[in-house]
Amino acid sequence: MTVTTDLVSYEDALASYDPVMGLEVHVELGTRTKMFCGCSTGLGAEPNSQTCPTCLGLPGSLPVVNAVGVESAVRIGLALHCEIAEWCRFARKNYFYPDMPKNFQTSQYDEPIAFNGYLDVQLEDGEVFRVEIERAHMEEDTGKSTHVGGATGRIHGASHSLLDYNRAGIPLIEIVTKPVVGAGDRAPEIAKAYVAELRELIRALGVSEARMEMGQMRCDVNLSLMPKGSETFGTRSETKNVNSLRSVERAVRFEVRRHAAVLGGGGTIVQETRHFHEDDGSTTSGRVKEEAEDYRYFPEPDLVPVAPSREWVEELRAGLPELPRVRRNRLREEWGVSGHDMQSILNAGAIDPIVATIEAGADPLSARKWWMGELARSANESGRSLEGLPITPEQVARVAALVADGSLNDKLARQVIEGVLAGEGDPDAVVEKRGLKVVSDEGALGAAVDEAIAGNAAIADKIRGGKVAAVGALVGAVMKATRGQADAARVKELILRKLGVTEG
Ligand code: ADP
Ligand code: MG
Ligand code: ZN
């Protein structure tokens, strides 16, 4: 960035001010069709091939509400402990933008479908912070502009712009928090944890994949400061479209430092939108915020009101899945892991693979061990997610079973996993092809055991003399000679027998 911004240190800022945050999260629903027409929402189609008179805003076209969109909104509202409106309408939010052909966005204004809820988020140290939800409302996405000819891809300096309306009309749910107060110096962490928890929740509900890197979930970060001890909110800035968890955390941190510098220098904060820059974590001024009145909201005359019956709402409530935080706490107890370990498992995206591996018959300990060990390493190296690895939970469970029944030891099991990942087939096929079996047969091990004893006469004497603990060195020699395939327990037994020693 060429723009330099005055900042104070984060610590100094927090010594003088209390931050207040507001998080607005947009989630693109995974419905098959758009919110107000039957056009497909599929990704990757030819530009403007998934459009119709309604989503292009042509005169005379009429919208119809997508029932799955409404159902998703109600389920999200319920999962966020919101009240569900008995009756609510859509509204027109009027403004002109080339990627919005109707010249208004169909949204909800003063009658959101869900309101007054909360989401409990768990912080790194286990503490739970409650974020209050103001509203969750339904709206539609805009089209997409591509600015061509400039150096930056921004409209500034471009020679012309291309418009793709395939995204116009895709259902969005906007979830808005009440002002988050009392976060103190944990504001950046809380903001990130909130968005992370919300993403887990959305995925658990199955209403969206909520992939931030694909724009399926985006966050606007509002922030203001008030002098310590004051209870009057300061003027907020609104950093738009922050598209990763890490960026949410950085945007809050940056704005705290910037606001503190402005206020500390006797300046005033202007209410404006700002852009976040991934490269250095800074924000720069966007546009001065219009007043809400500028949008001339009015109820949408072409759509019937949405009036979810209480029976239906209760049916949806009864069908909600276990909330992610509750589920994590349950699994943490079932698996007997610490909060810290559970956090690592969550961060690694390993919860579902581990659960599926246990369901396929593995015990929790080994399921965890393989996904958080060998497989996490492999995913890391190949830049993939755990679920993107070419191995199934069933295959991992089979490896665990082969270890449990003594057919494989850990070293051989790692080779089996390596083989599966390399596309050599199921664990049993890899065992077969690579000849990976624990050898415990006395006939096969006898020669290696004799050699180990003969080659380590001094140690063998010690053992004969009663120092049984020294047997480890001989077992190691046999393991080496058999390239890890010997059954270590069996080898130990054979060595001690040949030396005429009984254990214990
Ligand atoms: P807008 O449409 O202007 O973005 P919204 O009400 O939709 O307004 O969202 C504003 C967000 O900012 C909400 O999450 C709200 O709780 C929060 N907020 C409101 N006032 C402040 C403030 N002074 N400081 C920080 N956040 C605020
Ligand atoms: Mg906003
Ligand atoms: Zn359409």
Side-chain angles (χ1 to χ4, degrees), residues 17-26 31-42 45 48-58 61-66 91 93 95 101-102 105-110 112 115-119 131-137 139-141 143 164-183 187 190-191 194-195 198 218-226 230-241 248 251-252 255-256 259 263 268-274 286-295 297:
Y17 300 100
D18 281 325
V20 177
M21 298 189 288
L23 300 162
E24 299 168 72
V25 173
H26 285 90
T31 53
R32 207 170 44 74
T33 57
K34 292 186 181 181
M35 192 64 195
F36 304 111
C37 63
C39 289
S40 166
T41 55
N48 298 308
S49 63
Q50 295 170 348
T51 57
C52 72
T54 298
C55 58
L56 288 176
L58 300 186
S61 59
L62 282 174
V64 177
V65 176
N66 182 330
K93 181 181 183 182
Y95 64 107
K102 297 190 294 192
Q105 181 190 30
T106 307
S107 180
Q108 291 194 289
Y109 181 47
D110 49 357
F115 50 94
N116 273 345
Y118 63 84
L119 181 62
V131 175
E132 312 243 17
I133 306 292
E134 168 88 42
R135 57 198 271 145
H137 72 245
E139 56 182 44
E140 59 179 335
D141 215 341
D164 176 6
Y165 294 112
N166 284 353
R167 199 179 66 182
I170 289 188
L172 290 179
I173 303 296
E174 177 173 348
I175 300 149
V176 183
T177 67
K178 293 185 181 169
V180 178
V181 293
I190 288 171
Y194 167 74
V195 179
L198 188 55
R218 7 193 226 267
C219 181
D220 299 342
V221 176
N222 294 268
L223 187 115
S224 66
L225 295 182
M226 46 189 188
S230 164
E231 286 180 3
T232 314
F233 293 171
T235 304
R236 68 187 156 108
S237 59
E238 181 180 3
T239 305
K240 304 291 281 185
N241 291 326
V248 168
V252 172
E255 282 298 286
V256 166
H259 279 232
L263 296 173
T268 48
I269 296 289
V270 263
Q271 189 172 338
E272 61 181 357
T273 63
R274 296 182 69 85
R287 65 188 150 86
V288 174
K289 187 82 189 176
E290 310 90 316
E291 294 296 309
E293 289 77 29
D294 281 353
Y295 291 122
Y297 279 100

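Every number for a ligand or one of its atoms is a count from 1 in the order of the listing. No hydrogens, no waters, no symmetry mates; every other heavy atom, side chains included, goes into these values.
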Derivation of the side chain to side chain contact (heavy atoms under 4.5 Å, CB included) call for Lys178 and Asn116
CA-CA 9 Å; Lys178 293 185 181 169; Asn116 273 345; 2.9 Å; yes

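Counting all heavy atoms, side chain and backbone alike, Asn166 lies closest to Gln50 at OD1-N, 2.9 Å. When all heavy atoms of His26 and Glu174 are compared, the pair lying nearest together is NE2-OE1, 3.0 Å. The two residues Ala187 and Met21 come nearest to each other via the heavy atoms O-CE, 3.4 Å. Here the closest non-hydrogen pair linking Leu23 and Tyr194 is CD1-CD2, 3.4 Å.
By the criterion of a separation under 2.8 Å, the protein N/O/S atoms near the Zn ion (ligand 3) amount to Cys37 SG, Cys39 SG, Cys52 SG, Cys55 SG.
Contact atoms of ligand 1 toward Met21: 26 (N) (distance under 4.0 Å to a heavy atom of the residue). Close contacts between ligand 1 and Glu238 involve ligand atoms 4 (O) [criterion: under 4.0 Å to a heavy atom]. Distances below 4.0 Å separate heavy atoms of Pro179 from the following atoms of ligand 1: 16 (O).
Checked by distance only, ligand 1 and Phe233 stay at 3.5 Å or farther apart across all their nitrogen or oxygen atoms. Inclusion of Thr177 in the set of residues having an N or O under 3.5 Å from an N or O of ligand 1 is warranted. In terms of N/O distances under 3.5 Å, ligand 1 is approached by Gly234. Geometrically, ligand 1 and Ser224 share a nitrogen or oxygen pair separated by less than 3.5 Å.
Within the 4.5 Å cutoff, the side chain of Val181 has heavy atoms near those of the Phe233 side chain. In this structure, the side chains of Ile170 and Glu140 stay at 4.5 Å or more apart for every pair of heavy atoms. Taking the side chain as every heavy atom from C-beta outward, Leu223 and His259 approach each other to under 4.5 Å.
For Asp18, the salt bridge (Lys or Arg N to Asp or Glu O under 4.0 Å) partners two or more places apart in sequence, or in a different chain, are Lys228. In this structure Lys93 satisfies the salt bridge (Lys or Arg N to Asp or Glu O under 4.0 Å) test with no other residue, sequence neighbours excluded. Take Arg274 and apply the side chain to side chain donor-acceptor pair (under 3.5 Å) test, not counting sequence neighbours, and it matches Glu255, Glu272, Thr283.
Assignment of Lys178 to the shell around ligand 1 is supported, since a heavy atom sits closer than 4.0 Å.
Contacts between Leu23 and ligand 1, counted as non-hydrogen atom pairs separated by less than 4.0 Å, involve the backbone only.
When the heavy atoms of Met226, Glu24, Gln271 are ranked by distance to atom 2 (O) of ligand 1, first place goes to Glu24.
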